[in-house]
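Naming convention: chains lettered A, B, ... in sequence-line order (proteins, then strands); numbering from 1 in each chain.
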Amino acid sequence: MTELQTLQAYWWLLIAVIGALLVFLLFVQGGQSMLFCGATPEGRKLMVNSLGRKWELTFTTLVLFGGAFFASFPLFYSTSFGGAYWLWMLILLSFVLQAVSYEYRSKPGNIYGSGTFDAFLLFNGIAGCVLLGVAVGTLFFGAEFTVTKTNLLNPGAPVISSWAPTHGLEAIANWRCILLGVMLFFLARTQGALYFINNINDHKDFGISLRNRVLISGTVFAILFVGFMVVLMRVPGLRFVGGRFVEEQNIYLHNAFDMWPLSAMIVVGALMVLFGIYRSAFSSRYRYGIWWTGIGSVLVVIALLLLAGYADTAYMRSTIDPASSLTIANSSSSLFTLKTMAYVSIGVPFVLAYIVYVWYKMNRRPLTAAEVNADSHSY
Amino acid sequence: MDLLSTVDWSRAQFALTAMYHWLFVPLTIGLSLIVAIMETIYYRTGDERWKGLTKFWMTLFGINFAIGVATGLILEFEFGTNWSNYSWFVGDIFGAPLAIEGIFAFFLEATFVAVMFFGWKKVSPGFHLAATWLTAFGVALSAWWILVANAWMQYPVGMEFDPDQMRNVMTDFSAVALSPVAVNKFFHAVFSTWTLAGVFVAGVSAWMLWRKRNVEASRLSLRIASWVGLAGIFLTLWTGDGSAVNVAKVQPMKLAAMEGLYDGKVGQELVGFGFVNTDKRPGDSLPAIKAEISIPYGLSVLANHDPHSFVPGINDLIEGVSLTPQGDTVNTVSYAERIRMGRTAREALAEYGQARQAGDDAAAAAALKTVRENYRYFGYGYFDNPEDAVPPVAMTFYSFRVMVVTGGYLLLLFIALVFISYRKTSLLERSWLHWLCIISIPLVWICSQAGWVLAEVGRQPWTIQDLLPVQAAVSAIPADNVVLTFCLFAVLFTMLLAAEISIMLRYISRKSKTDIMA
């Protein structure tokens with residue numbers, strides 16, 4: 001492996017880790033999706049204030065996910081964002097609405113009423129998860145795009161990447177991508193309920209029991225996950241062999257066998273997710289399911305993204321022009337930039353350390369309605 | 001795809017997002033400093049009144065912070081959604097500052113802002129104060145990296161062209177991160193946020209004084225705002241001077257456009273007052289400015305700190321005139337020649353690709369040599385006429401004057417406020433002073449926006465100076481799609497801005513009726 005290849009693999013790993021952390025932090029969106037499920041106004045206020053202390057971490061991780069892709073794999077950034085225009089715009093729209101809703105929902109003078117901002121949170125909770133899943137689905141299941149770098153030399157039509165004329169809407173109509181999106185939504189919803197169990201003392205105003213929600217959402221997620229894995233292992237993909245792309249049936253299954261430690265990660269991660277769901281659903285006092293399920297989902301997502309990008313696999317396959325497909329080799333930044341950014345990434349553990357420390361300091365004691373009502377800055 | 005129409009709407013959408021973003025961000029950066037100062041006083045004195053004051057301004061900070069974050073998200077992703085060619089052509093360099101911004105700055109503010117708002121009873125006072133300062137540091141740090149990225153677009157350094165990948169690659173990170181344009185731009189922008197926040201706090205405090213509510217809290221706030229604002233406006237003017245010198249060196253066309261200057265001379269005057277003749281075109285004999293009142297030697301001093309220096313105009317730059325009394329070369333390549341060189345580089349690049357495919361190393365090397373010799377003006381190859389490389393003169397000209405005039409007014413305002421706060425406190429009861437501060441609130445935003453209009457419109461038509469014009473940077477999206485998202489975001493941002501202003505006004509009004517310092 002050359003130094004460039006090592007750095008490309010390293011940066012794909014970092015992308016996988018950031019993506020996995022984003023999936024974990026989508027518990028915020030999952031929690032938002034429950035705001036109207038029978039909760040009283042008091043219960044909703046408690047939910048919002050619990051999530052409101054964490055929403056920025058999810059938001060920032062999404063920003064970092066985009067920034068890290070831009071820095072390390074700019075051809076993906078250029079092709080996917082400029083191509084699947086409507087898909088990404090809808091994702092951004094849902095997150096913009098979320099960003100203001102916490103701060104504005106209960107403030108006097110917010111013009112549109114707190115119900116509007118709660119509806120925005122609900123929209124982000126559902127659409128944000130599903131659409132992010134659809135966007136990631138284009139990695140696993142391909143998309144209609146071409147990349148012709150020499151177009152830059154044509155002043156009349158200099159754009160190098162082109163996408164299907166529906167610009168991302170076709171991905172929303174792709175059942176495989178939707179399957180991933182809906183699965184992600186139910187995972188987020190499960191994690192949201194687990195987070196509430198961990199972070200809030202009193203759940204009497206939440207309508208349906210949180211533990212029942214964990215069981216229902218967790219079961220739906222588990223079924224969808226099995227379905228997704230079956231679909232994923234059966235789809236064809238492209239591998240870059242001998243200077244050209246070669247189509248390969250069951251490419252992810254082959255990768256799963258060839259990179260068996262990643263398969264083991266998926267199994268271990270899935271078991272942790274199930275354990276977190278099981279303990280939380282059937283024990284009336286257990287509060288730590290969020291950590292089992294969260295860490296488990298991080299492991300699974302890392303492994304899945306590595307299966308998609310390693311072993312010369314096209315992590316985003318062009319379904320109309322195989323030669324345009326993206327691999328970590330043909331879409332990455334230069335050696336110099338990857339190396340520079342690798343030095344920068346040494347700071348990441350310190351960032352994670354202070355996030356964990358602050359999380360611990362702020363979440364030592366579960367949130368109570370009394371605390372929320374006494375807080376002058378409550379949402 | 002209607003390329004030009006897509007380009008225009010993509011520019012409009014980016015301008016819309018950036019201008020809305022910059023409505024909120026400067027207040028976030030500047031107010032975070034003022035809040036941190038107030039909390040420091042509370043921490044050092046233990047005086048609970050300062051805690052109340054800190055919380056009052058912190059809440060206003062929070063209302064504003066959220067919408068700044070929201071618009072910032074769109075801005076980052078629009079580089080990909082609307083400027084996909086750009087994202088590939090320079091992503092190797094431009095992406096790095098954005099990623100660093102995310103890793104270090106955004107997480108710093110996202111983590112500690114929660115402690116700031118919700119940690120009063122959960123962490124120690126010292127930890128809370130540290131969180132407040134770290135939030136202030138984090139928002140300034142995020143400004144650093146995005147302004148590094150912006151400065152690099154205007155002054156591309158630390159990179160070389162990779163003909164095999166058809167893109168530019170970074171060769172010197174420190175040259176990118178610490179370029180003089182970036183350093184100056186950062187300080188100019190951040191100091192301007194101190195000014196803006198100073199005016200905001202002074203204006204709100206003045207309103208409470210006018211209503212005779214929370215008089216002590218308002219006087220204390222006004223005093224801090226005056227000092228922060230005065231420091232901010234002085235430093236903004238100082239760095240603004242540096243900015244003008246940088247523009248003269250690296251973007252002389254922007255300087256010429258902001259003066260409406262077509263034919264430069266030694267000892268060039270500065271237009272103090274005048275109207276741009278919109279019929280004027282490069283090379284014709286029409287007057288550029290109507291009803292002109294000029295300041296002798298002004299532009300030579302501003303651009304070069306030398307009253308006898310030569311400042312080139314638009315015609316000079318297009319024609320490649322190069323004159324300075326000192327014998328320094330300002331410009332030696334005419335725009336017609338640049339267009340020829342850009343096209344030569346493009347054709348040589350095509351030949352290089354064909355030679356590589358054919359395995360003809362000698363031909364590839366020869367083509368590459370030609371590419372390297374002409375690449376400096378690669379972007380001009382996309383133009384048909386030299387005039388295509390001239391920015392909109394009127395908008396650049398007027399935005400510069402709006403910025404300077406309002407900035408000058410703010411300097412006088414803060415000098416007066418500092419003086420009044422200590423020596424003439426009786427004036428703090430005068431309605432005219434209250435209203436002066438209140439009407440200054442929209443003025444400081446106009447000043448701030450005008451600065452960015454000058455910076456961004458003045459560098460048109462380039463996304464990357466001399467290398468990539470806007471029409472070659474855009475995504476392959478039909479114009480009607482971009483029109484739709486433009487309208488969507490225009491409506492959304494306007495609705496959210498209305499909500500923000502309404503919430504702020506209601507909060508200020510409601511809280512002013514209670515004892516803020518209790």
Asker: Using heavy-atom distances under 4.5 Å, tell me whether A:Ser332 contacts chain B through its side chain, its backbone, both, or neither.
Answerer: backbone

Asker: Please rank B:Lys121, B:Glu109, B:Lys55, B:Gln165 by heavy-atom pairs under 4.5 Å with chain A and give me the top one.
Answerer: B:Gln165

Asker: Should the heavy atoms of other residues, nucleotides or ligands under 6.0 Å from CZ of B:Arg343 be counted, would the total exceed 12?
Answerer: yes

Asker: Name the region of A:Asp375, side chain, backbone, both or neither, that has any atom closer than 4.5 Å to a heavy atom of chain B.
Answerer: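 It is the side chain, since no backbone atom gets that close.
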
Asker: Would you say the side chain of B:Thr485 lies within less than 4.5 Å of the side chain of A:Tyr85, judging by non-hydrogen atoms?
Answerer: yes

Asker: Given heavy-atom pairs under 4.5 angstrom as the criterion, report whether the side chain, backbone, both or neither of A:Phe145 touches chain B.
Answerer: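 Neither part.
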
Asker: Sort B:Arg167 into side chain, backbone, both or neither according to what part of it lies under 4.5 angstrom from a heavy atom of chain A.
Answerer: side chain

Asker: Has A:Lys107 got its NZ or CZ under 6.0 Å from the middle of the six-membered ring of B:Tyr507, at an angle within 45 degrees of the ring axis?
Answerer: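 A:Lys107 over B:Tyr507 ring: no.
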
Asker: Once rounded to the nearest 0.5 Å, what's the spacing between atom OG1 of A:Thr150 and atom CG of B:Leu349?
Answerer: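 Answer for the OG1-CG pair, A:Thr150 versus B:Leu349, is 9.5 Å.
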
Asker: For a 4.5 angstrom cut-off between non-hydrogen side-chain atoms, does B:Leu73 reach A:Leu92?
Answerer: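 Side-chain contact under 4.5 Å: yes.
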
Asker: With a 4.5 angstrom heavy-atom cut-off, is it the side chain or the backbone of A:Glu56 that approaches chain B, or both, or neither?
Answerer: both

Asker: Measuring from A:Thr340:OG1 to B:Asp172:CG, what's the distance to the nearest 0.5 Å?
Answerer: 9.0 Å

Asker: Tell me, side chain or backbone of B:Ile501 under 4.5 Å from chain A's heavy atoms, or both, or neither?
Answerer: neither

Asker: Would you call B:Glu78 and A:Phe81 a side-chain contact if the rule is heavy atoms closer than 4.5 Å?
Answerer: no

Asker: Supply the atom-to-atom distance A:Trp86 CH2 to B:Leu484 CG, rounded to the nearest 0.5 angstrom.
Answerer: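 CG of B:Leu484 is found 4.0 Å from CH2 of A:Trp86.
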
Asker: Whether the side chain of B:Ser502 engages the backbone of A:Gly109 through a donor-acceptor N/O pair (distance < 3.5 Å, no angle test) should be reported.
Answerer: yes

Asker: For the residue pair B:Phe77 and A:Trp88, does the interplanar ring angle fall in the parallel (under 30°), tilted (30 to 60°) or perpendicular (over 60°) class?
Answerer: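 Correct class here is parallel.
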
Asker: With respect to chain A, which residue among B:Gly119, B:Gly62, B:Ala350, B:Ala114 yields the maximal number of heavy-atom pairs within a distance under 4.5 Å?
Answerer: B:Gly62

Asker: Below 4.5 Å from any heavy atom of chain A, which atoms of B:Asn481 appear? Answer side chain, backbone, both or neither.
Answerer: both

Asker: Taking the side chain as everything from C-beta on, heavy atoms only, tell me whether B:Phe89 gets closer than 4.5 Å to A:Ile160.
Answerer: no

Asker: Quick check on the interface: out of A:Phe76, A:Tyr77, A:Trp163, who has the most heavy-atom pairs with chain B under 4.5 Å?
Answerer: A:Tyr77

Asker: Of the backbone (N, CA, C, O) and the side chain (C-beta and beyond), which part of A:Val351 lies under 4.5 Å from a heavy atom of chain B, both, or neither?
Answerer: side chain

Asker: List the atom of A:Tyr112, the atom of B:Ala498, and the distance in Å for their closest heavy-atom pair.
Answerer: OH-CB, 4.1 Å

Asker: Is the backbone N or O of A:Ser334 less than 3.5 Å from a side-chain atom of B:Asp92, with the two atoms forming a donor-acceptor pair by type?
Answerer: yes

Asker: With only heavy atoms counted, which part of B:Phe383 is less than 4.5 Å from chain A, the side chain, the backbone, both or neither?
Answerer: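 Neither the backbone nor the side chain of B:Phe383 comes within 4.5 Å of chain A.
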
Asker: Ignoring hydrogens and geometry, is there a side-chain-to-backbone donor-acceptor pair from B:Tyr382 to A:Asn154 under 3.5 Å?
Answerer: no

Asker: Considering only heavy atoms, which portion of A:Phe65 lies under 4.5 Å from any heavy atom of chain B: side chain, backbone, both, or neither?
Answerer: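 Neither part, no heavy atoms under 4.5 Å.
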
Asker: Please report the shortest heavy-atom distance between B:Ala99 and A:Gly67, naming the atom on each side.
Answerer: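 For B:Ala99 and A:Gly67, the tightest heavy-atom pair comes out as CB-O, 3.6 Å.
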
Asker: Can you name the nearest heavy-atom pair linking B:Ala66 to A:Glu103, along with the distance?
Answerer: CB-CB, 3.9 Å

Asker: Do B:Arg346 and A:Pro155 have side-chain heavy atoms sitting under 4.5 Å apart?
Answerer: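 Side-chain contact under 4.5 Å: yes.
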
Asker: At a heavy-atom separation under 4.5 Å, does A:Leu338 approach chain B through its side chain, its backbone, both, or neither?
Answerer: neither

Asker: Rounded to the nearest 0.5 Å, how far does NE2 of A:His167 lie from OG of B:Ser475?
Answerer: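 Those atoms lie 9.0 Å apart.
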
Asker: Where does B:Thr71 contact chain A at under 4.5 Å (heavy atoms): side chain, backbone, both or neither?
Answerer: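 Neither the backbone nor the side chain of B:Thr71 comes within 4.5 Å of chain A.
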
Asker: Which is it for A:Phe350 and B:Phe104 under the ring pair (Phe, Tyr, Trp, His ring centres under 6.0 Å) test, yes or no, and what are the steps along the way?
Answerer: CA-CA 10 Å; A:Phe350 297 100; B:Phe104 293 109; 9.2 Å; no

Asker: Between A:Gln98 and chain B, with a heavy-atom cut-off of 4.5 Å, which part of the residue counts as in contact: side chain, backbone, both or neither?
Answerer: neither

Asker: Checking heavy atoms, do the side chain of B:Met495, its backbone, both or neither come under 4.5 Å from chain A?
Answerer: both

Asker: Heavy-atom cut-off 4.5 Å, strictly under: side chain, backbone, both or neither for A:Trp359 against chain B?
Answerer: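 No part of it gets close to chain B.
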
Asker: Shorter than 4.5 Å, heavy atoms on both sides: which option in B:Ala473, B:Ala70, B:Gly381, B:Gly102 has the most such pairs with chain A?
Answerer: B:Ala70

Asker: Side chains of A:Val159 and B:Trp88, heavy atoms from C-beta outward: is any pair under 4.5 Å?
Answerer: no

Asker: Quick one: are B:Phe107 and A:Leu352 in side-chain contact, heavy atoms under 4.5 Å?
Answerer: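 No - every pair of side-chain heavy atoms lies 4.5 Å or more apart.
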
Asker: Would the number of heavy atoms belonging to other residues, nucleotides or ligands and lying under 6.0 Å from OH of A:Tyr354 be above 12?
Answerer: yes

Asker: Is B:Glu101 close to chain A through its backbone or its side chain, or both, or neither, when contacts mean heavy atoms under 4.5 Å?
Answerer: neither

Asker: Could you check which of A:Val100, A:Leu153, A:Leu64, A:Val96 has the highest count of heavy-atom pairs closer than 4.5 Å to chain B?
Answerer: A:Leu153

Asker: If you measure from CG on A:Asn110 to CG on B:Leu496, what distance do you get to the nearest 0.5 Å?
Answerer: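 Those atoms lie 11.0 Å apart.
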
Asker: Can you tell me if B:Asn85 uses its side chain to pair, donor with acceptor, with the backbone of A:Pro158 under 3.5 Å?
Answerer: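 Looks like yes, one N/O pair under 3.5 Å.
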
Asker: What residue, out of B:Thr81, B:Leu98, B:Asn82, has the most heavy-atom pairs lying under 4.5 Å from chain A?
Answerer: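 Result: the option with the highest number of such pairs is B:Thr81.
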
Asker: By a 4.5 Å heavy-atom criterion (distance strictly below it), what part of B:Val482 contacts chain A: side chain, backbone, both, or neither?
Answerer: both

Asker: What are the two closest non-hydrogen atoms of A:Tyr104 and B:Ile63, and how far apart are they?
Answerer: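 A:Tyr104 and B:Ile63 have their closest heavy atoms at OH-O, 3.3 Å.
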
Asker: Measure A:Met362 against the heavy atoms of chain B and call it side chain, backbone, both or neither at under 4.5 Å.
Answerer: both

Asker: I'd like to verify something: which residue of B:Phe489, B:Trp120, B:Phe112 has the highest number of heavy-atom pairs under 4.5 Å with chain A?
Answerer: B:Phe112

Asker: Using non-hydrogen atoms only, which part of B:Leu492 is less than 4.5 Å away from chain A: side chain, backbone, both, or neither?
Answerer: side chain

Asker: Counting N and O atoms only, with roles assigned by atom type, does the side chain of A:Ser78 sit under 3.5 Å from a partner on the main chain of B:Ser84, one being a donor and the other an acceptor?
Answerer: yes

Asker: Specify which of B:Ile100, B:Ile93, B:Val123 makes the most heavy-atom pairs with chain A at under 4.5 Å.
Answerer: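 When all of B:Ile100, B:Ile93, B:Val123 are compared, B:Ile100 has the most.
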
Asker: So which of A:Phe95, A:Phe59, A:Trp55 has the biggest tally of heavy-atom pairs under 4.5 Å with chain B?
Answerer: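 Of the options given, most contacts go to A:Phe59.
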
Asker: Please tell me if the side chains of B:Phe173 and A:Tyr343 come closer than 4.5 Å, counting only heavy atoms from C-beta onward.
Answerer: no

Asker: Output the option from A:Val348, A:Thr337, A:Asn151 having the highest count of non-hydrogen pairs under 4.5 Å with chain B.
Answerer: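 The answer is A:Thr337.
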
Asker: Relative to chain B, which of A:Pro108, A:Ala84, A:Pro165 shows the most heavy atom pairs under 4.5 Å?
Answerer: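 The residue among A:Pro108, A:Ala84, A:Pro165 with the greatest pair count is A:Pro108.
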
Asker: Looking only at heavy atoms, what is the nearest atom pair of B:Met170 and A:Phe336, with distance?
Answerer: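 Heavy atoms only, the tightest pair is O-CD2, 3.2 Å.
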
Asker: Check the surroundings of atom CZ in A:Arg365: do more than 12 heavy atoms from other residues, nucleotides or ligands lie under 6.0 Å from it?
Answerer: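 Counting other residues, nucleotides and ligands, CZ of A:Arg365 stays at 12 neighbours or fewer.
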
